[in-house]
Amino acid sequence: MTESEIFAVMIDGQVVAQDQARISVFDRGFLYGDSIYEVMRTYDGKIFALREHIDRLFRSAEQVFIDIPVSKDRLSQEILHAASLLELPNLLIRVHITRGIGPYGLDPTGARQPTRVMIVVPLLVPSEDQYRDGIAAALFQSQRTTDNTSAAGAKVANYLVSLLALRQAHAVGAKEAIIVDGRGRVLEGASSNVFIVRSGVIRTPPVNEGILSGITRSYLLKAAAHEGLELRETSLTQTELLDADEVFVSSTTREVLPVTRIDDRTIGTGKVGPITRAIHRAFRAIGGLPAILPGNRPNSTQ
Ligand code: PMP
């Protein structure tokens, strides 16, 4: 963040000036990463999949035993209000709930007043050429914070593994990291879900492998069914990923982003594949978005 960046903040339901947007050093979100969050976006001023994001936030809260202090409806109203604070068509809205302040120490039981923070910033999306040509990704072998716990798959805000993975990916010129576990299973991206296409069949790891149940991913399951594309939720090995005909990642801010290179391997022909394009188009159609895909604009200069 720099001083010149425009953003809007609400803390516990109150709009707060940019330079007053602070929470206590005793907040457990700061001390322990004891918090959960959502990232949503607007298209032309309208929040995409608001209900699904709120439902997922409440599911994450249950998984880590945080009691969100407001109802889903009240939270929706606050999010809509936060989104109205910046008059730009395309915004990113982060909704963050920490366990708040409790008696000093690790034990969470005394912390009963969660803190809720909303941050709204102008949305940055991948460039047209990334959609047109695909991106490079880098593999990163690791466990994640909540793996094999009851909070597996919750959107907890401790993103250190993803952050280290992305840092390493950027160091080799890649735009996303793909997390592979100790057994060689492909899980998800640093902040995206992963899909492969082989012999016309789309595959993506199942959510019971502890991945985030992506909202975009759930739309893609529907989009595939709608298009008559076969999509299977099955474990994926690193070899299957590298031998795929097509690979793409999905997320709220990137929609469907083709991956044409992983580490030093070219994926398929090295060009964006037809099924990636088809499912992206279908996603836009069922999401009620304009039909033109990024990277495919008639007068694109990039
Ligand atoms: N996996 C991880 C680890 C993520 O951080 C994200 C981004 N929230 C996703 C998947 C994609 O989820 P969504 O489609 O809901 O943005």
Side-chain angles (χ1 to χ4, degrees), residues 33 35-43 47-61 63-64 79 90-97 119 121 123-126 135 137-147 149 151-169 175-181 185-196 202 204-224 231 233 236 241 247-259 279-280 282-284 286-287 289:
S35 58
I36 51 166
Y37 79 107
E38 280 296 315
V39 167
M40 41 200 103
R41 64 160 292 175
T42 62
Y43 286 95
I47 301 176
F48 184 74
L50 175 58
R51 193 74 209 180
E52 288 97 321
H53 280 285
I54 288 184
D55 287 346
R56 186 170 68 183
L57 185 71
F58 275 74
R59 277 204 309 278
S60 297
Q63 282 183 273
V64 300
I79 294 169
N90 298 315
L91 298 169
L92 179 148
I93 304 152
R94 183 183 176 99
V95 180
H96 197 118
I97 313 269
I119 302 175
V121 297
L123 180 75
L124 289 178
V125 294
I135 59 160
L139 297 177
F140 189 82
Q141 213 176 57
S142 181
Q143 298 289 314
R144 278 95 35 85
T145 318
T146 56
D147 280 347
T149 71
K155 197 162 170 57
V156 297
N158 185 330
Y159 258 52
L160 210 52
V161 168
S162 286
L163 175 162
L164 293 175
L166 192 63
R167 180 181 172 278
Q168 189 166 301
K175 295 281 183 223
E176 176 61 310
I178 295 178
I179 315 282
V180 178
D181 73 6
R185 277 183 324 180
V186 174
L187 297 175
E188 61 191 328
S191 61
S192 60
N193 289 112
V194 177
F195 296 75
I196 72 160
I202 309 170
T204 194
V207 287
N208 65 15
E209 290 189 346
I211 61 166
L212 185 74
S213 178
I215 308 289
T216 319
R217 178 185 183 280
S218 69
Y219 273 79
L220 293 181
L221 297 183
K222 286 186 224 152
L231 195 162
E233 296 177 79
L236 288 181
L241 175 76
V247 173
F248 59 88
V249 292
S250 73
S251 79
T252 296
T253 55
R254 285 163 287 187
E255 300 183 3
V256 171
L257 189 60
V259 175
I279 197 158
H280 195 174
F283 165 78
R284 291 211 135 210
I286 68 160
L289 306 172

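Start at 1 and go down the list; that is how both ligands and their atoms are numbered.
Looking only at heavy atoms of the protein, atom 16 (O) of ligand 1 is closest to Thr252 OG1, 2.6 Å. Of the protein's heavy atoms, Thr216 OG1, 2.6 Å lies nearest to atom 14 (O) of ligand 1. When hydrogens are left out, the protein atom nearest atom 12 (O) of ligand 1 is Gly214 CA, 3.5 Å; that is the closest non-hydrogen contact. Counting only heavy atoms of the protein, atom 8 (N) of ligand 1 lies nearest to Lys155 NZ, 2.9 Å. Among protein heavy atoms, the minimum distance from atom 7 (C) of ligand 1 is reached at Ser191 O, 3.4 Å. Of all protein heavy atoms, the one closest to atom 1 (N) of ligand 1 is Glu188 OE1, 2.8 Å. Atom 5 (O) of ligand 1 has its closest protein heavy atom at Tyr159 OH, 2.6 Å.
Heavy atoms of Ser162 come nearer than 4.0 angstrom to ligand 1 in no pair at all. For the pair Ser218 and ligand 1, no heavy-atom separation below 4.0 Å is found.
Between Phe48 and Tyr219, the ring planes lie tilted relative to each other; the angle falls in the 30° to 60° range. Between Phe195 and Phe248, the ring planes lie parallel to each other; the angle is under 30°, not in the 30° to 60° tilted range.
Those atoms of ligand 1 with a heavy atom of Asn193 less than 4.0 angstrom away are 10 (C), 11 (C). Atoms of ligand 1 found under 4.0 Å from any heavy atom of Arg56, numbered from 1 in the order shown, are 12 (O), 15 (O). Those atoms of ligand 1 that come under 4.0 Å of a heavy atom in Ser250, given as number and element, are 11 (C). Counting the atoms of ligand 1 from 1 in the order shown, those under 4.0 Å from a heavy atom of Ala190 are 3 (C).
A heavy-atom distance below 4.5 Å is not found between the side chains of Glu52 and Ser218. Looking only at side-chain heavy atoms (C-beta outward), Leu221 and Glu233 come within less than 4.5 Å of each other.
Residue-level proximity to ligand 1 for Ser192 is carried by the backbone, the only part with a heavy atom below 4.0 angstrom.
Distance check, rounded to the nearest 0.5 Å: NE2 of His53 to CZ of Arg41 gives 10.0 Å. Asp55 contributes atom CG, which lies 11.0 Å from atom OG of Ser213 (distance to the nearest 0.5 angstrom). The distance from atom CD of Glu188 to atom CZ of Arg217, rounded to the nearest 0.5 Å, is 9.5 Å.
The only option from Leu123, Leu50, Leu92, Ile93 that meets the side chain to side chain contact (heavy atoms under 4.5 Å, CB included) definition with Thr42 turns out to be Ile93.
Geometrically, ligand 1 and Ser213 share no nitrogen or oxygen pair separated by less than 3.5 Å. Between Ile215 and ligand 1, at least one pair of N/O atoms sits closer than 3.5 Å.
Around CZ of Arg51, the count of heavy atoms belonging to other residues, nucleotides or ligands within 6.0 Å exceeds 12.
For Arg254 and Ser191, the side-chain atoms include at least one donor-acceptor pair closer than 3.5 Å.
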